Amino acid sequence: MHDREFIIANRNLIEKICSLKKTKVDIERLYSLIEERRLLINRLNQLREDKNKLTDEVPKIKKQGGDIKPLLEKSKEISLTVGEIEKQLGNAEKEENTLMSWVPNILEKDVSTENDAIFKVIKETGTLNEKNRNYYDICTEKNYIDFKRGAKLAASSFPLYVGKGALLERTLINFMLDLHIEKHGYLEIFPPFLVNYNSLYSTGQLPKMEEDMYSLSKEDNLYLIPTAEVPVTNIYNDEILFEKDLPKKFTAYSACFRREAGSYGKETKGLKRLHQFNKVEMVRYSHPDKSDEALEEMLLEAEEVLRLLGLSYRVILLPGNDTSFSSAKTYDIEVWAEGTKEYMEVSSVSNFLDFQARRANIRFKNKDGKNTFIHTLNGSGLATPRTVIAIIEHYQTEDNDFEFPPVLRDYIKYGKEIFKS
RNA sequence: GGAGAGGUGGCCGAGCGGUCUAAGGCGGCGGAUUGCUAAUCCGUUGUAGUGGUUAUACCGCUACCCCGGGUUCAAAUCCCGGCCUCUCCGCCA
């Protein structure tokens with residue numbers, strides 16, 4: 001969400017960003033509504049002032065024993081007009097809000113605004129080894145992941161992790177959380193996995209991504225979270241912080257639920273695209289002056305997970321046309337999968353500037369005592385499924401099995417042999 | 001699920017038809033005092049919109065006491081609906 005003043009003052013920019021991100025917002029209508037609203041408010045303020053003056057006269061005249069009847073009639077008459085204009089204003093504001101809620105965030109200076117731009121490779125590390133076996137064959141043969149029975153229990157793309165597969169998943173989550181908590185100084189959060197409309201609106205998933213959300217029945221009116229970003233970013237929804245409270249750094253594990261509407265047929269086999277998956281997320285509340293450097297820090301923190309796991313990866317900067325609705329700048333981290341022989345996105349690190357904070361109404365008192373919107377950022381650190389793919393393929397063994405990466409071995413509380421059966 | 005209590009400014013908390021321009025406290029800010037800190041004293045203190053005007057300064061007006069309706073000339077205050085919190089009971093991992 002943008003400030004109304006900002007929208008008025010930057011019409012070219014707003015039109016540009018809407019067309020770049022292919023957002024269908026009736027800009028013409030939006031600007032005329034903004035003007036209509038202003039005129040209605042002026043009219044309304046004048047009428048209310050008149051009415052208030054009359055109302056103030058009533059007790060005075062009563063005290064003097066005067067006749068208040070004319071006043072009452074006049075006041076009632078104004079009330080009727082006020083009611084009508086309030087209705088008009090309500091309608092105008094409602095429509096204006098709807099249109100505004102569909103305008104995407106602006107982009108940072110170094111993000112390309114060309115219509116046909118593609119990503120820019122920022123960094124490549126490690127070597128792109130290739131191996132014979134891919135994770136899918138290993139996992140299904142050893143029954144580390146039972147895709148068939150997962151589909152029986154729920155639907156396709158709901159994997160059932162079994163034995164060593166389940167342990168790898170759990171171990172990875174613990175390892176990533178501990179890294180962010182102990183080394184990177186994040187506060188651990190275990191959020192609700194269901195959230196209400198407002199939380200999803202605030203982070204920008206709604207109204208745009210409605211069809212990608214799993215939701216409960218109307219009487220519960222809750223949605224399954226597509227990422228821990230949603231509950232965690234909203235922790236201080238509608239609150240005012242002090243400047244000394246910033247930055248705030250949260251990390252959270254959550255299961256993530258996505259309908260992936262419109263992507264049927266694409267990568268439906270295996271772990272690459274799931275309706276339910278696990279992810280450790282980092283979220284920051286930043287001072288507006290510091291969000292740029294916070295983004296770079298978070299990128300390094302997410303990269304560190306892959307470095308410690310001993311995996312090769314690259315970092316790309318997304319072009320504007322591929323940057324999500326709420327984000328002003330996004331880096332993706334892609335891990336190299338040696339058996340599948342391709343790069344796979346395992347993390348997305350974004351700066352939302354004050355776009356989410358405005359929707360969520362999260363502010364802080366700055367040095368001048370003025371309430372100012374914070375900046376929010378988040379980054380996956382990391383999503384497990386594709387990380388698991390890369391681990392299994394990189395650490396595969398001659399006997400069609402895989403070993404745990406060295407950094408995870410301390411996390412294994414049970415003897416290795418328990419997986420042999 | 002049943003019964004009861006309650007939702008007021010950054011926070012706590014009083015007010016329960018017109019005098020609310022919301023008491024008091026805490027916190028914040030400014031100042032005095034002061035080796036430093038603490039303590040004390042004095043002053044100050046919300047948000048949004050809209051207009052004067054081009055302006056984050058100043059002034060006016062409007063709205064805002066959980067949200068939405070209603071009663072009334074007039075609502076933080078009365079009535080109805082919703083949401084949320086707390087207490088007790090029931091059920092339950």
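Residue numbering restarts at 1 for every chain, and letters A, B, ... go by the order of the sequence lines. Computed from a predicted model, the values in this text were never measured in an experiment.
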[atom1] atoms of [N] and [M], separation to the nearest Å:
N: G60(B); M: U8(B); atom1: C1'; answer: 27 Å
N: A55(B); M: C66(B); atom1: C1'; answer: 36 Å
N: A57(B); M: G46(B); atom1: P; answer: 12 Å
N: U45(B); M: U33(B); atom1: C1'; answer: 23 Å
N: G70(B); M: A3(B); atom1: P; answer: 29 Å
N: U62(B); M: U21(B); atom1: C1'; answer: 15 Å
N: A23(B); M: C84(B); atom1: P; answer: 32 Å
N: C80(B); M: A5(B); atom1: P; answer: 13 Å

Among residues 30-43 of chain A, which contact RNA chain B at a heavy-atom distance under 4.0 Å?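 Contacts with RNA chain B under 4.0 Å: R37(A), R38(A), I41(A), N42(A).
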Run the side chain to side chain contact (heavy atoms under 4.5 Å, CB included) test against P247(A) and tell me which residues pass, sequence neighbours left out. none
Step through the shown structure and confirm whether more than 12 heavy atoms of other residues, nucleotides or ligands are within 6.0 Å of OH on Y236(A).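 Incorrect, the count does not exceed 12.
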Heavy-atom count check: over 12 atoms from other residues, nucleotides or ligands less than 6.0 Å from R37(A) CZ? yes
What is the distance, rounded to the nearest whole Å, between atom [atom1] of [X] and atom [atom2] of [N]?
X: E93(A); N: A48(B); atom1: CD; atom2: C1'; value: 11 Å
X: N237(A); N: C83(B); atom1: CG; atom2: P; value: 19 Å
X: N196(A); N: G82(B); atom1: CG; atom2: C1'; value: 15 Å
X: D238(A); N: C84(B); atom1: CG; atom2: C1'; value: 13 Å
X: F364(A); N: G28(B); atom1: CZ; atom2: P; value: 18 Å
X: L241(A); N: G28(B); atom1: CG; atom2: P; value: 16 Å
X: D245(A); N: G27(B); atom1: CG; atom2: P; value: 16 Å
X: Y236(A); N: G10(B); atom1: OH; atom2: P; value: 16 Å

Partner of E169(A) by side-chain hydrogen bond (donor to acceptor under 3.5 Å, both in side chains), out of N174(A), T387(A), N278(A): N278(A)
With both distances kept under 3.5 Å, what pairs with [N], Watson-Crick or G-U wobble?
N: U19(B); value: none
N: U44(B); value: G28(B)
N: U71(B); value: none
N: U54(B); value: none
N: U37(B); value: none
N: A5(B); value: U85(B)
N: C91(B); value: none
N: C61(B); value: G49(B)

Is there a donor-acceptor pair closer than 3.5 Å between any side-chain N or O of [X] and the backbone N or O of [Y]?
X: T340(A); Y: A337(A); value: no
X: Q396(A); Y: F402(A); value: no
X: K329(A); Y: L317(A); value: no
X: Y135(A); Y: L271(A); value: yes
X: S199(A); Y: V195(A); value: no

Please report, to 0.1 Å, the donor-acceptor pairs under 3.5 Å made by any side chain of residues 71-78 of chain A, with sequence neighbours excluded.
none

Pick base, sugar-phosphate or nothing for L54(A), based on heavy-atom distances below 4.0 Å to the nucleic acid. nothing
How would you label the contact of K74(A) with the nucleic acid (heavy atoms, under 4.0 Å): base, sugar-phosphate, or nothing? nothing
Check: Y223(A) ring centre within less than 6.0 Å of F257(A) ring centre: no
Under 3.5 Å, is there a donor-acceptor pair between the E334(A) and Y313(A) side chains?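 The criterion, which ignores hydrogens and geometry beyond distance, is not satisfied for Y313(A) and E334(A).
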Which sits closer to the 5' end of RNA chain B, L72(A) or E5(A), going by the nucleotide each is nearest to? E5(A)
Does K51(A) or N371(A) map to a spot on RNA chain B nearer the 5' end, using the closest nucleotide for each?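 On the 5' side of the pair lies N371(A).
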Interface polar pairs with nucleotides 18-21 of chain B, N/O, under 3.5 angstrom:
unit_1 : atom_1 : unit_2 : atom_2 : d
G18(B) : O6     : K62(A) : NZ     : 3.3
G18(B) : N2     : T55(A) : O      : 3.4

Respond yes when some side-chain nitrogen or oxygen of K76(A) is under 4.0 Å from OP1 or OP2 of C73(B), and no when none is.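 For C73(B), OP1 or OP2 has a side-chain N or O of K76(A) closer than 4.0 Å.
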Any residue meeting side-chain hydrogen bond (donor to acceptor under 3.5 Å, both in side chains) with Y214(A), in chain and number order, not counting sequence neighbours: H275(A)
Salt bridge (charged side-chain N to carboxylate O under 4.0 Å, His left out) with D146(A): which of K142(A), K148(A), R149(A)? R149(A)
Give me, pair by pair, the N or O atoms of the protein and of nucleotides 59-66 of chain B that are less than 3.5 Å apart, along with how far apart they are.
unit_1 : atom_1 : unit_2 : atom_2 : d
C61(B) : O2'    : E49(A) : OE1    : 3.2
U62(B) : OP1    : N52(A) : ND2    : 3.1
U62(B) : O2'    : N45(A) : OD1    : 3.0
U62(B) : O2'    : R48(A) : NH1    : 3.1

